[in-house]
Amino acid sequence: MAGNYTLVTDPHPIFGRLTLESIPYSDPVVMPVMIVSMLLGLGLVGFLTYKKLWGWLWRDWLTSVDHKKIGIMYIIVALVMLVRGFSDALMMTSHQALAISQTFEGAGYLPPEHYDQVFTAHGVIMIFFVATPIMLGLMNVAVPLQIGARDVAFPFLNSLSFWLFMSGVILVMLSLFIGEFAATGWLAYVPLSGLDLSPWVGVDYWIWGLQISGIGSTISAVNFIATILKMRAPGMTLWKMPIFTWTALCANAIAVMIFPILTVAITLLTFDRYLGTHFFTVDSGGNQMMWVNLVWAWGHPEVYFLLLPALGALAEVVATFSRKRLFSYNAMVWATIGILVLSFIVWLHHFFTMGSGASVNSFFGIMTMLIAIPTGVKLFNYIFTMYRGRVEFSAAMWWVVAFLTTFTIGGMTGVMLAIPSNDYVLHNSMFLVAHFHNTIVGGAVFGYFAGITYWYPKAMGYKLNEKLGKLACALWVGGFYLAWMPKYFAGLDGMTRRLNYIANEALAPLLYISFFGALVILAGIAVQLYSFYDAYRNRNEPEYNDATGDAWNGRTLEWSISSPPPHYNFATIPNVEKLDGYFYLKQEGKFTQPEEYTRIHMPKNTWAGVVIAGFATVFGFAMIWYIWWLAIVSFVGMIASFIIYNFQRDKDYYVELDEIHADEEKYWHAYALTNNNHPDAKNEGSGPAVSGKELADDAQDDNQTGRKANQREIEARKRDDDMLS
């Protein structure tokens with residue numbers, strides 16, 4: 001850790017700054033974690049070797065360009081990083097509960113330099129390596145299916161994006177065991193992140209971890225924009241796209257504009273640290289405020305980059321489990337576009353206290369309040385969709401309700417902080433920290449959990465346990481309120497941010513409650529992780545299995561194919577005539593098995609993504625430790641791998657008709673059995689009957705004509721339009 005090393009000013013020609021002292025072998029917190037991690041890693045390697053799974057893992061997953069598998073891998077890694085990031089949060093809140101003046105001798109148990117690194121790592125991990133990959137995972141699973149596409153526009157780039165993200169994950173995790181992580185806060189404010197005040201490797205881990213993963217995020221954003229704009233099914237105009245796809249489009253439009261800003265800012269900081277430039281050094285002609293402007297010109301649109309897809313996922317859940325179309329689709333789309341535009345003109349509210357002047361502060365304060373309007377439109381649309389609907393409070397809907405309450409509090413406190421005079425008092429307090437946890441966790445993360453619960457059967461072929469899902473939600477929400485509501489009051493009582501020592505003993509009860517809330521959230525995470533195991537263990541049970549692919553009587557195209565979908569997604573590309581195209585196909589009796597199929601052209605799996613990212617990881621590590629020869633070799637390896645891949649000719653193949661027929665016959669047979677339309681249904685048992693029952697209730701009330709369901713839809717549309725007007 002910082003303070004316990006010998007700074008190497010003259011790097012070794014082979015090992016650079018890397019020495020045995022770089023491993024914190026004397027740290028009582030890090031070493032046990034390191035030993036346990038190594039044992040778990042060896043155990044995993046031994047298990048894969050014993051089961052002879054390395055070949056399967058390489059062929060089917062690591063080299064896959066299937067967007068669904070890539071999405072699953074994103075979410076798995078995000079959940080692993082959630083455990084790491086929450087462990088940091090638990091250390092901070094427990095340390096603060098013990099670091100109160102005159103209580104437990106006021107020392108806590110983390111040394112100041114260690115606490116600062118934990119503080120930084122928590123923010124970096126939760127934003128870049130938990131929230132972002134969950135969002136990208138849901139996009140990969142759902143978006144191509146929602147628009148009737150067989151894959152993303154650039155399958156290889158999709159694989160490369162994931163593995164560049166993994167490169168950032170590896171570097172951040174390595175910093176725990178070799179060297180240190182940044183002790184600067186998650187946005188590495190200068191001059192603290194400069195070479196004079198942070199001379200060792202912590203900030204360099206921050207730089208290369210974020211830079212490499214950020215390039216992956218940019219590539220992914222370009223890929224999804226191209227996919228949505230160019231690969232929609234015939235008949236699916238922009239105004240027939242599902243709301244989740246709309247929010248994904250707008251979020252990725254934000255990403256392609258903001259991540260280059262972050263890339264430039266980090267590059268300039270890299271030049272300052274590695275080449276001796278002075279972009280951010282005031283006494284040498286630089287400007288510290290340039291860093292703050294650049295990083296927040298990226299940072300606040302990033303909030304909406306994370307939030308918009310969560311809002312889209314919530315819309316899909318609400319419409320499906322309210323058994324009616326989404327209230328005022330057009331208003332939802334325009335609200336999404338409004339958030340996209342306004343997100344770029346609110347960044348300066350992050351430094352109201354830095355003396356920008358009354359006119360500038362007033363403008364950005366008004367813009368910050370204004371962006372609450374389209375956000376509020378979305379919340380009211382969810383409520384009006386549920387109004388007079390046949391709402392089923394499934395586990396996914398529990399997350400919707402949790403979002404509505406928690407995010408509303410975050411939004412209201414955000415409007416309070418949008419007033420510059422208020423922000424001047426509250427900006428450096430725990431009130432602000434509680435606010436952005438309300439919006440990021442209570443908003444984006446709760447929305448993603450709703451999306452995971454909703455699309456889990458589509459990705460995996462079986463459902464999560466509803467009772468466990470509801471219990472996890474209850475623990476998360478209860479723990480969240482216990483953890484963060486006291487922080488609002490602590491902030492109002494004068495508790496500032498980033499404290500590793502609390503001098504005011506009157507804050508003790510609030511900090512104890514907050515720590516207890518964190519333990520309740522930990523229980524919620526444990527239940528969530530157990531629910532994945534429980535679902536896998538019982539995946540063949542009727543109440544878990546999703547044989548028809550339509551687990552919830554869904555409305556959009558992803559529910560019109562088997563679960564999990566075949567690697568080519570659609571045997572025949574659907575033709576979309578209306579919004580909620582699949583719902584109306586069922587309702588009008590047009591959802592039938594195609595009479596004929598044709599061969600399908602698909603990309604082959606490739607080694608290139610994982611190999612290029614592997615070289616990028618080595619390159620980042622070498623740059624962190626000033627191992628120049630290794631940096632050169634790995635950089636050449638990256639370029640050579642990319643060139644070799646581009647000269648390969650054998651990159652695609654055709655899915656033959658016999659494979660397509662086998663997959664489709666299996667799917668349609670299961671669909672017919674479940675919906676009691678098959679002559680063998682009486683002999684086969686009920687199967688996973690939930691989807692069939694709901695389909696009968698919602699789309700075929702009047703025998704099989706759908707007249708009543710159609711009339712309900714017309715009446716609901718009229719009520720919604722009257723309410724909006």
Side-chain angles (χ1 to χ4, degrees), residues 67-68 70-72 74-75 78 82 126-147 152 158 161-162 165 216-218 220-229 238 241-259 300-320 326 329 332-333 335-343 371 374-375 377-379 381-382 396 399-400 403-404 407 410 439-456 458-459 556 558:
H67 65 92
K68 302 176 291 296
I70 291 173
I72 292 169
Y74 265 121
I75 294 173
L82 173 64
M126 288 303 198
I127 295 294
F128 290 96
F129 303 116
V130 177
T132 299
I134 291 180
M135 177 195 67
L136 292 173
L138 290 177
M139 282 187 194
N140 269 283
V141 168
V143 167
L145 301 180
Q146 286 198 327
I147 64 174
V152 295
N158 201 24
S161 299
F162 170 75
F165 154 76
S217 297
T218 307
S220 183
V222 172
N223 202 352
F224 273 101
I225 290 173
T227 301
I228 294 169
L229 293 182
L238 288 175
M241 291 195 312
I243 284 294
F244 181 70
T245 300
W246 258 112
T247 56
L249 175 62
C250 290
N252 285 296
I254 291 174
V256 296
M257 288 183 272
I258 64 170
F259 273 98
H300 201 83
E302 159 81 0
V303 172
Y304 296 100
F305 166 67
L306 295 176
L307 181 61
L308 278 176
L311 296 173
L314 290 163
E316 303 290 351
V317 172
V318 168
T320 297
L326 188 67
Y329 170 87
M332 287 287 274
V333 172
T336 302
I337 296 172
I339 292 171
L340 161 65
V341 174
L342 290 171
S343 69
I371 203 171
T375 309
V377 166
K378 288 182 171 289
L379 269 63
N381 278 14
Y382 302 147
W399 286 112
V400 172
F403 164 87
L404 288 173
F407 184 74
T439 54
I440 298 298
V441 180
V445 175
F446 283 5
Y448 296 147
F449 288 162
I452 289 174
T453 307
Y454 180 65
W455 280 303
Y456 192 89
K458 176 52 56 183
T556 45
E558 71 267 32

How far apart are the closest heavy atoms of I452 and L138, and which atoms are they?
N-CD2, 3.9 Å
Would you please say whether a donor-acceptor pair under 3.5 Å links the side chains of W455 and E558?
yes
With side chain to side chain contact (heavy atoms under 4.5 Å, CB included) as the criterion, how do W246 and L308 come out once you've worked through the C-alpha distance, each side chain's angles and the decisive distance to 0.1 Å?
CA-CA 9 Å; W246 258 112; L308 278 176; over 6 Å; no
Under 3.5 Å donor-acceptor, S343 side chain and L340 backbone:
yes
Apply the test side chain to side chain contact (heavy atoms under 4.5 Å, CB included) to residues Y329 and N381: give CA-CA distance (whole Å), side-chain angles for both, the deciding distance (0.1 Å), then the verdict.
CA-CA 9 Å; Y329 170 87; N381 278 14; over 6 Å; no
Between the side chain of Y454 and the main-chain N/O of L314, is any donor-acceptor distance below 3.5 Å?
no
Would you sort out whether L229 and L249 count as a side chain to side chain contact (heavy atoms under 4.5 Å, CB included), showing the intermediate values?
CA-CA 9 Å; L229 293 182; L249 175 62; 4.3 Å; yes
Side chain S220, main chain G216, donor-acceptor under 3.5 Å
no
Flag, side chain of Q146 to backbone of M241, donor-acceptor distance under 3.5 Å:
no
Report the distance from atom CZ of F403 to atom CG of L311, rounding to the nearest 0.5 Å.
5.0 Å
Would you sort out whether V445 and I134 count as a side chain to side chain contact (heavy atoms under 4.5 Å, CB included), showing the intermediate values?
CA-CA 8 Å; V445 175; I134 291 180; 5.6 Å; no
Using side-chain heavy atoms (C-beta onward) and a distance below 4.5 Å, is M139 in contact with P309?
yes
